[in-house]
Every structure is written in structure tokens, then in C-alpha cells.
Amino acid sequence: MNSAKIGILGLGTVGCGTINVLARNREEITRRAGREIKVVKASARDLKKARPVAIGGFDLVSDSYEIVRDPQIEVVVELIGGYEPARSLVLEAIAHGKHVVTANKALIAVHGNEIFSAAQKKGVTVAFEAAVAGGIPIIKTIREGFTGNRIEWVAGIVNGTSNFILTEMRDKGRDFADVLAEAQRLGYAEADPTFDVEGIDAAHKLTILAAIAFGIPLQFKQVYTEGITQITRTDVVYAEELGYRIKQLAIARRVNDKVELRVHPTLIPERRIIANVDGVMNAVLVKGDAVGPTLFYGAGAGAEPTASAIVADLVDVVRTLTTDPTNRVPHLAFQPDSIVNLPILPMEEVQTAYYLRLNAEDRPGVLADVTRILGDLGISIEAILQKEPREGEKVVPIIILTHRILEKNMNAAIQRIEALPSIQRHVVRIRLEHLNRDWK
Ligand code: HSE
């Protein structure tokens, strides 16, 4: 049988990884796909750059449009990243009747509704396993493995760079900027690393996970997003003393007929397996009503882990090239006419537990004032820790863990606590989730 002809847009870390994996495992991949998957053309901005891949056996071009319009190419692999020109190229590939495989989470999260609708009309597939959690097959798992479940919540460490930074801060006391520079050197970070440290990359991935878990449209703008830039080693150490780890978590949860979508640093009990997912590794917890809580772990970035997901998508696409488009697995797990827009809960209406750190003057009545404010707003304290003042200092750190409460009550409490003359601004607040089966 003829080989399936592939064109790759972008020969960076992941593009080279994909070519290498396809070459190394050619025989086994062919046995699985039923046809050889052959890269015939690839595009790159700089044709002369040295790359960790054997160039040859395919044409290297500088104009990506040459690939998306090439009649011999059946599947286009988009590895350029970012919104444009990726969006225009993918739409052009679809218009030319090509299937698309992409690792581009930003593109799918922000322009996915438009892209899938174009693909649907044209009867082609757009596959995006590599867009979320790198090598972990989480899209396939939720979309195909859990179709019998009503999915209740998904919570994941889906940005390797921020997990790497938090891990190094905790284990080695390293400086934020220094660890970020290392993540950039290792090729984990986004082209613009603020996407990693401000939670945007995780929010892109959460948008995709929520859509396939709940059958809702992709709605990136609705995700509450907070990065890790305000996390200090002080809080990492206090959290540890209280039996918690701080992780950058992406959470999508059904609450009655509404959905929570949030990305923020989160204290997690250290006994949870996910609290021990360190370095650049990713992990995603999925709770389905039938299957119960499940956990998926693996490399969330890097050349070959991401290539593993891309090649799996390529094999899937090649296997279904001859099937009727209406019989294929739907892009977003639910049939396109069954996607329902559930309201997204504003952050003020979200309930979670909290870690608070205040700096208080060391004199009688201060703690009583603070606990009165919390009590008045219905906030119940789970644990409290007061440290001795450092030598020569009159201010003591107080750490409070609370039970679950509406975010708006906590906002009001923090405002009142910060107004107390005996408390220094600013009160540190980090959300806390127990991640137990029933989310209690
Ligand atoms: N910058 C991303 C991360 C790459 O650190 O997880 C993988 O999507």
C-alpha cells in the first residue's frame, strides 16, 4: 500500500523529535498504522540551522504554504506554535482537504471552535493529543476511555516549567529567575515564558480538558488564571511544615449545572500522589462517576515525549483515512450538535479552602481580632501556626489554614484583616484543595 504522505510545519525541538521517532520506530509504526508514515516535506524559518535530526529523505522549504497546498500531502503536522501564522496555515490546510495534527494548545484553546467547525465541514480530522500534558495520552483517555462516565472533575499539573520552578525552589532553595532560565535552556518553556509562569499555558490546556470532559465549547477567556510569580520560598517552607506541597494546579469541576475553570497555585496534602509529581513532569487526575478517581503521570514536555503523542495522532488519522467522517471520534469528544454551553462560575462564587500568611505585631489581642473577622464571615479555621519573631523584629508571621468558604467571603475577610492597624499589608493567600474523592 502507498505510504501516507506527511508535511511538517516547524522543525524545532518537537519537529525534530517527531522525525527521529518516525525513523527509529518506522517498522513498528507501519505495522500499527497499516501504511508507512512518510515525511515528504518540512518547513523551517532558517534552512541552514544545525538540527538534531538527519535532514534528507524529505524536502526542506522555508514557505509553510508550500506544504499546506501541496496536493501529494495528506496530513499536515503543525508545530509552529502560537496563534498566527499557525491559525491561517491550519485553516488553509483544512481548505485543501488535509488532516491536521497539532501540538498547539494556544491555537486549539483560542481558535479551536472555528478550526473544528471548518474541519467538520470539510470532513477532515484535526488531532491535538500533544497539546495537553505532552506524552500523557490524556485527550484519548478522556475522549475515548471514559465515554461511559459523567466526568465530575479534572485537576492537573499541566505546565512542566512552573512545576520545575516550584520543585527547585522547595528542594534546593533556588532562585525563581535562575530556574526559569534553566527551563528555557532545556527547551521546556514557551517562546514567551510569561505564558508558563503566569498560568496562561496551563489555562490553554485546561480549556481543552474542560471541553472534552464536559461537552462544553472551548472558552479560554473564562478561565480564572493566576501564576506562580508571587510564590515565595517562605510559603513553600510553611506549607511543608503543615504537611502540604504547593503546586500550580489547573482545575475544571462541575458544580450543579455550572462549571469552575481555574488555574492557580494550590496547597495539596503531601500524602496525595500528585503532590509528589516533581520537576518537569505532569500529572492529571480525572474523576468519573463510574470509574472513580484516576491519575495519569508522565513527561509533559520535551522532544520525544511530545513526538510520542504526535505519532499516535498520525497513526490514528492514517487508520481512519478511509472511514466515513461521520463515524470518526468527534474532535471534542461529544458530537458537534451536542455541545452545550454551561455557565462558568465567577471566581467569587467558587468555594475552596485557604492558606493565609499574615505579618502581625506581637501584642495581645491581635490574633483575636483576626479570628473575629474570619468568624463573622463564616470562615472556619482548620489550623493555625504562630512563629516567634525573628531577633530584633516586632512582627510575627501567623499562618492560618481555613475550611472551604466562598472566595467572596475570603476577599472580604482579607480586606478587613489588612485594614487592622496591627497587621502589615499584604496578606498572602494561597488556595488549598484536599483532592479527595468527593472534593470535600
Ligand atoms: N511550556 C510547556 C510546559 C511546554 O512547560 O509544560 C509543554 O506544553
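These figures come from a predicted structure and were not determined experimentally.
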Tell me whether Arg32 is salt-bridged to Glu28, with the criterion being a basic N under 4.0 Å from an acidic carboxylate O. yes
Is it true that atom CG of Leu47 has more than 12 heavy atoms of other residues, nucleotides or ligands lying nearer than 6.0 Å? yes
Just checking, Arg185 and Phe164: is the charged tip under 6.0 Å from the six-membered ring centre and within 45° of the axis? no
side-chain hydrogen bond (donor to acceptor under 3.5 Å, both in side chains) between Glu304 and Asn20: does it pass, once the steps are laid out? CA-CA 8 Å; Glu304 294 215 355; Asn20 287 334; 4.9 Å; no
If you measure from the Lys or Arg side-chain nitrogens to the Asp or Glu carboxylate oxygens, is any gap between Glu433 and Arg404 under 4.0 Å? yes
Using a strict threshold of under 4.0 Å (side-chain N to carboxylate O), is an ion pair present between Glu190 and Lys105? yes
Check: Glu129 side chain, Ile138 main-chain N or O, donor-acceptor pair, under 3.5 Å: yes
Between Val315 and Ile37, is there a side-chain heavy-atom distance shorter than 4.5 Å? yes
Please confirm whether the backbone N or O of Asn282 pairs with a side-chain atom of Asn163, one donor and one acceptor, at under 3.5 Å? no
Is a salt bridge present between Glu348 and Lys408, judged by a nitrogen-to-oxygen distance below 4.0 Å? no
Crowded around Arg328 CZ? As in, over 12 foreign heavy atoms under 6.0 Å? yes
If you count every heavy atom of other residues, nucleotides or ligands that lies below 6.0 Å from Glu27 atom CD, does the total exceed 12? no
Please tell me if the side chains of Tyr354 and Glu382 come closer than 4.5 Å, counting only heavy atoms from C-beta onward. no
Taking atom CZ as the centre, does Arg24 end up with more than 12 heavy-atom neighbours from other residues, nucleotides or ligands that are less than 6.0 angstrom away? yes
Just by distance, do the side chain of His96 and the backbone of Arg69 share a donor-acceptor pair under 3.5 Å? no
Exceeds 12 heavy-atom contacts within 6.0 angstrom, atom CD of Gln230: no
Quick one: sort the His204 and Tyr83 rings into parallel, tilted or perpendicular, breaks at 30° and 60°. perpendicular
Examine the side chains of Glu78 and Thr102 and answer whether a donor and an acceptor come within less than 3.5 Å of each other. yes
Can you tell whether the side chains of Asp70 and Lys5 come within less than 4.0 Å, N to carboxylate O? no
Charged N-O contact under 4.0 Å between Arg429 and Asp235: no
If you define the side chain from C-beta out and look only at heavy atoms, does anything of Ile200 sit under 4.5 Å from Phe220? yes
One thing to verify: whether Glu407 and Arg262 come together as a salt bridge, which I'm taking to mean a side-chain N less than 4.0 angstrom from a carboxylate O. no
Before accepting this row, confirm whether a basic side-chain N of the pair Lys258/Glu349 lies closer than 4.0 Å to the acidic partner's carboxylate O. no
May I ask you to check whether over 12 heavy atoms, not counting those of Asp324, lie within 6.0 Å of atom CG? yes
Does CG in Asp46 sit with more than 12 non-hydrogen atoms of other residues, nucleotides or ligands closer than 6.0 Å? yes
Charged N to carboxylate O under 4.0 angstrom, Arg245 versus Glu240? yes
